[in-house]
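The next block holds one structure in the form of structure tokens; read it before the comments.
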Amino acid sequence: MASLPVSSPVARTRPAGASRRLTASLPRWLTEMDDADHGPAAKRRRYRTIFVSDAHLGTSGSSAAMLLDFLKRHECETLYLVGDMIDGWALRKGWYWPQAHSDVVRAVLKMAKHGTRVVYVPGNHDEHFRDYVGLEFGGIELLPEDVHVTADGRRLLVIHGDQFDNVVLYHKWLAFLGDGAYTLLLKSNGWVNRVRRLFGYPYWSLAAHMKKRVKNAVAFISRFEEVVAHAASDRGVDGVVCGHIHSAEIRRFGDITYYNDGDWVESCTALVEAADGTLSIVDWAEQTRADTEAATADARRRTLVAVPDPA
């Protein structure tokens, strides 16, 4: 059974000027932010902690607009970016960076500026950021992992999860090959949803549907969850929060609770902690769909009330 490598504690103290140098290297359009654009807090739903991962910004399959909408409608004390937020693998193949992807980065930096603690735990697709763990840029802490203490006192290990993916660890060429096939599937997902929007249908994930149908993928996810939970138990924590496999889940393995915050490519999900320490999964695609249907039904009712009775 795999065990989690023990990392030395990350020093919270940094060399003088380190954070300043990294911040100065950011584009001005990211660092010079308009406070008024941050949005009124009264319209936002508040959580103690929000965990998001696997946005894969820099790819056409990223649901950046959905993530941006989610971030604009919520606020929290701590925001965890649990890896694969920016897809360095894809960007090395070719540059793809529409405005919505810049807007997501900007929104995160605004949250940090307005008092949210933002922690970035890099994954395998954004592994280049691992060279900078222990530093801070734009108010965002870069850590190899973290232990989050919930409001009710539970200790949760926060990692991306690629440490337990044997394909990523030992057969990287196969991971790149699989990534190419997955990218094609996500492009198909985009085409399908463009057609659905033309006919007024809500977002639906072809990639997530295919993953649930493929027996080997289901078996891999189940095995991954067990291995991660066992490794967390070896570390003496109460639970583990990860991403990587694009499958949002909350499961109990003995004394360990396994949390996966999902992704913003297939399912558009996040893990959230309420003020009392309760953790739950927010399916933003489903919630947006429900809100749209409710607004449409309300508009129809208003129209019927406004139409005078012919009698």
Side-chain angles (χ1 to χ4, degrees), residues 1-14 47-54 76-85 116-124 126-127 129-136 140-170 219-263 269-281:
M1 187 73 73
S3 60
L4 186 67
V6 179
S7 303
S8 58
V10 176
R12 298 290 176 150
T13 57
R14 296 173 294 279
Y47 289 105
R48 185 172 185 267
T49 314
I50 295 177
F51 304 82
V52 298
S53 73
D54 297 273
C76 55
E77 296 175 19
T78 304
L79 172 67
Y80 279 100
L81 308 175
V82 195
D84 284 2
M85 294 300 294
T116 299
R117 181 193 177 212
V118 180
V119 179
Y120 195 160
V121 177
N124 52 302
D126 46 16
E127 59 191 352
F129 286 129
R130 287 174 171 166
D131 294 336
Y132 302 100
V133 295
L135 297 176
E136 178 182 305
I140 299 174
E141 301 174 45
L142 277 167
L143 299 178
E145 63 181 49
D146 198 22
V147 174
H148 173 71
V149 181
T150 63
D152 53 4
R154 289 174 296 136
R155 299 172 68 249
L156 305 179
L157 180 67
V158 183
I159 54 174
H160 178 63
D162 60 297
Q163 301 93 322
F164 304 98
D165 187 338
N166 287 335
V167 171
V168 173
L169 286 177
Y170 305 116
F220 166 77
I221 289 171
S222 179
R223 176 63 175 165
F224 176 88
E225 293 172 346
E226 291 175 9
V227 170
V228 172
H230 180 84
S233 178
D234 289 344
R235 291 286 294 272
V237 293
D238 301 298
V240 58
V241 178
C242 64
H244 186 58
I245 59 172
H246 296 202
S247 183
E249 185 69 82
I250 299 177
R251 289 186 66 185
R252 189 78 177 174
F253 294 90
D255 295 330
I256 298 295
T257 305
Y258 166 92
Y259 300 94
N260 194 299
D261 59 23
D263 68 285
T269 53
L271 179 70
V272 297
E273 180 194 0
D276 62 356
T278 303
L279 283 98
S280 59
I281 292 171

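Just the heavy atoms: all of them, side chains too, but no hydrogens, waters or symmetry mates, feed the values below.
- The aromatic rings of H244 and F224 lie tilted to each other, with the angle between the two planes from 30° to 60°.
- Listed by chain and residue number, nothing satisfies the side-chain contact (heavy atoms from CB on, under 4.5 Å) test with A275 (two or more places apart in sequence, or in another chain).
- Considering every non-hydrogen atom in both R48 and A151, the closest pair reads NH1-N, 3.2 Å.
- The salt bridge (charged side-chain N to carboxylate O under 4.0 Å, His left out) test applied to D152 returns R154, not counting sequence neighbours.
- Interatomic distance, E225 CD to N260 CG, rounded to the nearest 0.5 Å: 7.0 Å.
- Judged as a salt bridge (charged side-chain N to carboxylate O under 4.0 Å, His left out), and not counting sequence neighbours, R155 has no contacts.
- Here the shortest heavy-atom pairing between G243 and D261 reads CA-OD1, 3.8 Å.
- To the nearest 0.5 Å, atoms CG (L143) and CZ (F129) are separated by 14.0 Å.
- The closest side-chain donor-acceptor pair between D126 and Y120 falls under 3.5 angstrom.
- Residue A270 comes nearest to V52 through the heavy atom pair CB-CG1, 3.7 Å, listed as atom of the first residue, atom of the second, then distance.
- Put simply, the side chain of D84 gets close to the backbone of N124: a donor and an acceptor are under 3.5 Å apart.
- For R130 (side chain) and P144 (main-chain N/O), no donor-acceptor pair under 3.5 Å exists by modelled atom type.
- At a threshold of 4.0 Å, the pair R251-E226 does not count as salt-bridged, since none of the basic side-chain nitrogens sits closer than that to a carboxylate oxygen.
- Nearest approach of H160 to C242, heavy atoms of both residues: O-CB, 3.5 Å.
- Across every non-hydrogen atom of E249 and I281, the tightest pair is N-CD1, 3.4 Å.
- The nearest pair of heavy atoms linking G277 to L279 is O-CD1, 3.2 Å.
- Under the 4.0 Å criterion applied to side-chain N and carboxylate O atoms, R117 and E77 are not assigned as salt-bridge partners.
- Interatomic distance, L157 CG to D234 CG, rounded to the nearest 0.5 Å: 11.5 Å.
- With sequence neighbours excluded, no residue forms a ring-ring contact (aromatic ring centres under 6.0 Å, His included) with Y259.
- A donor-acceptor contact shorter than 3.5 Å is absent between the side chain of E145 and the backbone of V121.
- No hydrogens or angles considered: a donor-acceptor pair under 3.5 Å links the side chains of T257 and R252.
- Rounding to the nearest 0.5 angstrom, the gap separating the CZ atom in F51 from the CG atom in L156 is 6.0 Å.
- Side chain of D146 to main chain of H148: no donor-acceptor pair is present (N/O by atom type, distance under 3.5 Å, no hydrogens or angles).
- Not counting sequence neighbours, the partners of S280 by the side-chain contact (heavy atoms from CB on, under 4.5 Å) test are V272.
- Put simply, the side chain of S53 gets close to the backbone of G262: a donor and an acceptor are under 3.5 Å apart.
- Summarising the geometry, atom CG belonging to D54 is positioned 9.5 Å from atom CD1 belonging to I245; distances are rounded to the nearest 0.5 Å.
- Listed by chain and number, the residues in a ring-ring contact (aromatic ring centres under 6.0 Å, His included) with F253 amount to none (sequence neighbours excluded).
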